[in-house]
Amino acid sequence: MNSLLEIKDLHVSYNGINALRGISLHVEEGEIVTIIGANGAGKSTLLNTISGLVHPKSGEIKYKGELISKKPHKIVSKGIIQVPEGRQVFANLTTLGNLGIGAFLRKDKDAIAEDMEYVFSVFPRLKERASQMAGSLSGGEQQMLAIGRGLMSKPKVMLLDEPSLGLAPMLVNDIFSVIRKVNNEGKGTTILLVEQNARKALAVANRAYVLETGEIIREGAGINLLNDPSVQEAYLGVKPTNLQ
Amino acid sequence: MSPYLQGILILAGINVLAVLGLSLLTGFTGSFCFGQAGFLTIGAYVATLLTMELHVPFAVALLGGALFSALVSIPLGLPTLKLKGDYFAIATLGFAEATRLIVENLEKITGGSRGIPGIPTKTSLPIVLVLAVVASICIRFYVVSRHGRNCVAIREDETAAQAIGINTFRYKQISFFINAALAGLAGGLLSHYVGFIQPAMFGIQKSTELIVMVIFGGMHSVTGAILAAIILTALPEVLRAAAAWRLVAYGAVVVLIMVTRPQGLLGNWELSRESLMAIWNGLKSRFSKKAVGVDHG
Amino acid sequence: QPKAAEPEVADTIKIGFFGALSGDQAVWGQADRDGLLLTVNQINEAGGVLGKQLEVIAYDDKGDQLESVNVVKRLINEDKVSAIIGCNSSGRNIAVAPVTEEGKVPIISTFATNPRVTVPEEGTLMKYTFRVCFIDPYSGDVTAKFAMNDLGAKKAAVLYEISSDYSVGVRDFFVKSWEDMGGEIVADEAFKTGDVDFRPQLTRIKEADPDVIVMPFLYKEVALSAKQARDLGITATMLGGDGWPSSALLEMAGEAVEGSYFINHGDTNAPNVQAFAQAYKEEFDKEIEINSIMAHDAMMMLQAAIENAGSSDPDAIRDALEALEGLEVFTGTITVDTETHNPIGKAASIIKIENNEFVFFKQFDPME
Amino acid sequence: MDNVVLDIQKLSKTFGGVQAVNNFSLKIPEGSLQSIIGPNGAGKTTIFNLITGIYKPTEGTISFNSRRIDGMETFKITEMGITRTFQNIRLFSEFSVLDNVRTACHMRSDYSVFEGLIPTPRRNRQERAVTDYAMNLLKLVNLDDRANEYADNLPYGHQRRLEIARALALEPKLLLLDEPAAGMNPDETQKLIEFIAEIRTKFNLTILLIEHHMEVVMGLADYITVIDFGKIIATGTPVEVQSNPIVIEAYLGVGE
Amino acid sequence: MILQQIINGLSIGAVYALLAVGYSLVYSVLNFSNFAHGEVLMLGSYIGFFSLTQLGVPFVVAIVLSVVGTGVIAIVLERIGYRPLRLRSAPLLYFMISAMGLSIFLQNLTIVTIGPNFRTYPDIISTAPITIGDLYIGRLDLMIFGITLLSLLLLTWFIYGTKMGSGIRAASYNMRVASLMGINPDLVVAIVFLLAGATAGVGGMLFGMKYTVYPWMGTLTIKAFIAAVVGGLGSLPGAVIGAFLLGITETFAAAYVSSAFRDLFSFALMILIIVIRPGGLMGVVSQEKA
Ligand SMILES: Nc1ncnc2c1ncn2[C@@H]1O[C@H](COP(=O)(O)OP(=O)(O)OP(=O)(O)O)[C@@H](O)[C@H]1O
Ligand SMILES: Nc1ncnc2c1ncn2[C@@H]1O[C@H](COP(=O)(O)OP(=O)(O)OP(=O)(O)O)[C@@H](O)[C@H]1O
Ligand SMILES: [Mg+2]
Ligand SMILES: [Mg+2]
């Protein structure tokens, strides 16, 4: 049986510097899989390679048993959408415009309108800012918009790159419940999540990989890694603070 | 040396002077100046009028042209240097065209479009060479100084540059000033080389030509711009046989460079003794490796 | 592409040519060159000069003074030509005059009408520079006299190209002569090279209600401005100069230039030109321009000079050029003025446009 | 009373219809580390932009060491001793890591434009000193081994540290940090807390911090101002703020 | 007289506007000044000319041929001159230089292949002016005016009223991220160049009829460039407004001040406007958010 997403021995380098060194992983349909790792471990590189922005030196990426295309827009049309790191909203479009672009490839007008309402219900702030230029939104508002825009494409697989970046604590919680909701207990969207908030990420994930300098050094069920002392020390902070 | 070759070298030197400041302003400071011909015009006419009307020594005339051109950059820069990208480009283009138009209209002083003939030809190869070399060295030193770094910072991110305390406007002004001065100097040399000036010599294509040199050599490299000035001055001569086709080729080469090597001939790289030594060592080691290979084979 | 005549024997006489073969001046530069090439071919076929074949070395300067200087240096120093023909612009000829002076090679300009090409300042003379065309003061003067005496005009309007030295020159001299003769300039309007719309200026001219409009510029702008003038309902007679004669003008302007007059170096419709024009059309597949005829005449001057000198030595040719007298060419009879190197005795022809054709109207004696 | 470094009075800023900052006042005593927190879009970054002169206030005044700075140009404010980092990292991407810091050292040398054109011994001396100083700063932020790489190619977290190093190079009296821990994992965040504490004493800094990572705020701040819709909704020590129901309601949410 | 001058100004403005629209369209997506736009227009003019004279096709067919031809040419130019730069996210300056190169290349290629002579369009439609009392209005001017407004409306609707349009705007901001949303950047850019090329095709035909055909007729783009800047780069309505403003200014400067200084006024107007409004009349001056 094929995995939904299967990566084999992936090597990526930037001008000779190896960012990924033989990564293999798989994501099954309906799973939430998370990848944790320090700055510069290669997490974003991995997501960018899957969505076709970066081309691997060697190795293969298969979606539903087929090699993925080299063109990002073709990959999107297969149902894989990325919410890129650092927001990257279209500053010259309004909030609504950005959400519209999220649904660029969709034709089902009514369903789009419904999803728009859903996004607004998750992030009421966006509704208030609906006709503001996205470039002048606050950092957190832009992050909500980036996630909302990703949701608008109604993807089969969603690649989330640090979705909680710059969000207020209350919203961080919300984001993870949104992730759960979208995943809908495995019946909805499959999620590959890169997060610095490793504690929360591991808590929602079915499975997780630990990435270190371009290599996978651990993998396992989210819960197991969460309780693993070595992971705790390296990625969760030595002393847990009272608020987290 | 034949006068022909000498003439080409003189022109190359003059172009180097005209391009150096542009490299600083456009390449390093990031303000796309599309009106270089305007400064050339000012330098050429002021220097010429100084020699022809006031009979001052050549050196004084050159200096006068350079200074006047540089001074013009100040009031011109006040409203325009704040503009971004294409807006600055078009404003400077407007300046150059306006300058030409004014020269054409001031017939009493400038001879209008009929120009000024009979300018004493005092520009000689040694003078041009010395000036070009000195100016190149100065600009090269400038871009690696703290001032030069500030210029690049402005090019990279103006807001961030402000936030680390750089007076961005002032640095743009300085680059603009230096550029205008050098272009003015080049203009003066030019008029005293050809012996005749006419507004038609300073059209848009002149500005284009100069900006292409900067890009061609490498936006972020002084030596690249110098090299490009020399190559692109000589190129038409080499291609002379191709007659009308050579402008077609010229256009094609410009596009080709942009799409295959957009960073220009040298990119960020500077020709220097160290870098030449590095290449030399690289070649040597490659060569000796090969030699070793032969030994063992 | 027409090639320069092949040197059949090693012993050829090299003639340099420079002109704008590319860029926006190319129409005239190419016409110059092609006229020269055709003439040289004809001379060579007829046995050459002094028994030697002529060889043309032609360079493009794309209409840029600096390049002109470069190529003329190259012609003199590298190619070692005996004489140079070119070019059609006063500016570039002024720029290269010192170069030919220094290199001691004679140059004959086809169309540099600015007096300062040969006489940069009162009392000086560029010893090696010659021309085959008459000069701006003359055109200006003839235009003024013709307008007043023959057309009975009192009020003149001028439309001129401010960035063209030629146009400004003719305009200046016309205005001077006109006012000296007691005429009135009712409108004096300028445009810039490259402009295609002249209606703001023409509307002003219309309001001034002139008898004649003097339009000393090249035929493309003439066609456009003439059409726009007629569209605006201007009925004044249009007067032009040697930038007008081109079949393209008739084609482009059609009705609009009907009834206009222009001053020309000769009559392009004269029977003696027709064979050449025919050959030109066959060789290059395009209509002949006045420039080609001027280039032909320049070559005739040169041929005569070489023959008179009996040598291809540049200095000998120069001396012979200076002494040239009564040479019959397409555009008249040329005698070189030793003081100014201008052709004297070249009568101006007044051409009228009638039924969309250039019709010889009258000969204008310069001494008149 | 302590010497007040920064004094903000009744500051307001509107964008079209959006009241981003509304009647905001704040006093920062010398040597303190204060924090501004609040929901997304509350107006925190806007306050930074107002302090550093990137925006001009609609109303209100800002004084630095008793001198009015509102309406002044950014670079002048920086020259006076206020520096910031950006929420969206803004490094000079074509510069090497080292040159990013060296550029920020431009006030440490004072050779003239003329000396820029021709090297003098003074210039060389100053340049060398600047390079040494910059390298030391890089060591401090643990980036000395990447000194010659393009800043653009550094991973996100490293870029943040480089931004701080660049700000420190200016030897500010007041440092404004806009979400320095964004994009860092808990471990790195922990290190960042220690690092900020370290530079605070080492450089004798007064710091104003915007952060959503509560462990950073709680671990560092002496005093916290909470804003929402541009208005102050609560102030107090970390302990006070943390247990303030209004703050929990508007910002912190109930922990899991 | 003043009325006639206003008509003159408007008809000159319409010519600039037609060029400026295509120019602004490319600017709005790739954010650079496509200096080769004028050369596309020139080629369109030649295609129309040869279709009429050599192929002898009817006028409408010639327009279609010209529009299709320039559309394709524009796309090909994009492929050759800009796409490689796009893929590398090269600085915008490089695009401009590449565009200058293309412009030099095309202009001179035309000179050496087709020749530098001026060519006159055959009389296909009556160009006689319409007279109302003392006023003269050019028929062609009216056509140009109409086509300019029509293309402005169509393009504005396309860019602001359709999904593809908002895709185009998204791509204009960030092509990388746009591709992450399923937008095919190559397609978007091709569409934009096709449209810009098409306006140049129509423009070329009309200009050819009005001003004759010659290899450097594209130099008129400088005026379109100024118009677009005055109106706000990248804004289509802005380009049109800027063009008419420029046309009127030029006309009035020539008519009431001095024709010799005419262009000085256009430059002064331009500098004045961008100094007062750095983004042009209709441009959005987005204050950078730090
Ligand atoms: N465009 C690039 N050119 C050169 N090197 C790059 C480029 N992008 C990333 N790298 C390098 O590749 C490595 C992996 O970077 P990547 O952005 O994937 O890390 P990351 O795990 O996402 O880090 P972070 O948590 O900081 O976002 C880093 O060392 C980085 O410097
Ligand atoms: N230039 C601008 N134009 C219009 N609105 C703006 C502009 N800058 C900020 N805003 C609005 O002002 C409000 C405050 O923004 P600000 O960036 O200060 O928020 P913030 O508190 O920093 O939020 P975050 O924690 O998400 O970064 C937001 O609603 C934003 O949309
Ligand atoms: Mg990352
Ligand atoms: Mg913020």
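Keep in mind that the numbers below use all heavy atoms, side chains included, and drop hydrogens, waters and symmetry copies. Since the model is a prediction, treat every value here as computed from it, not as a measurement. Order of the sequence lines fixes the chain letters, A, B, ..., with proteins taken first and strands second; residue numbering starts at 1 for each chain.
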Problem - E/I274 backbone acceptor or donor facing B/Y87 side chain under 3.5 Å - result: no
Exercise for the section: Below 4.5 Å from any heavy atom of chain E, which atoms of B/L256 appear? Answer side chain, backbone, both or neither. Expected result: neither
Practice task
For E/R83 and B/V259, indicate whether the former's side chain and the latter's backbone hold a donor-acceptor pair under 3.5 Å.
Solution key: no
Problem - B/K84 NZ to E/L233 CG distance, which is reported to the nearest 0.5 Å - result: 14.0 Å
Completion exercise
Nearest heavy-atom contact between B/A98 and E/L264 is CB-CD1, 3.2 Å
Exercise for the section: Quick one: closest heavy-atom pair of E/L85 and B/M258, and the distance? Expected result: CD2-O, 3.1 Å
Problem - Enclosure of B/F68 CZ (heavy-atom neighbours >12, cutoff 6.0 Å) - result: no
Exercise for the section: Please tell me if the side chains of E/M270 and B/I90 come closer than 4.5 Å, counting only heavy atoms from C-beta onward. Expected result: yes
Handout entry: Pairs of heavy atoms under 4.5 Å with chain B: top-ranked of E/A260, E/S266, E/P84, E/A268
Key = E/A260
Practice task
Go through B/V212, B/L83, B/V253, B/I204 and name the one with the most non-hydrogen pairs under 4.5 angstrom from chain E.
Solution key: B/L83
Problem - Closest-packed option against chain B by number of heavy-atom pairs under 4.5 Å, given E/I97, E/L87, E/V275 - result: E/I97
Handout entry: Segment of B/V248 engaging chain E (4.5 angstrom heavy-atom cut-off)
Key = both
Exercise for the section: Please state whether the side chain, the backbone, both or neither of E/S258 comes within less than 4.5 Å of a heavy atom of chain B. Expected result: neither
Problem - Region of E/F95 that comes under 4.5 Å of a non-hydrogen atom in chain B - result: neither
Completion exercise
Checked B/A89, B/A249, B/A252 vs chain E; the most non-hydrogen pairs under 4.5 Å come from B/A252
Problem - Interatomic distance, B/D86 atom CG to E/M96 atom CE [nearest 0.5 angstrom] - result: 3.5 Å
Handout entry: Members of residues 101-110 of chain E whose heavy atoms come closer than 4.5 Å to chain B
Key = E/G101, E/L102, E/I104, E/F105, E/N108, E/L109
Completion exercise
Separation between CG (B/N105) and CZ (E/F261), nearest 0.5 Å, reads 3.5 Å
Exercise for the section: Taking the six-membered ring for Trp and the full ring for Phe, Tyr or His, determine whether the centres of E/F35 and B/F34 are under 6.0 Å apart. Expected result: yes
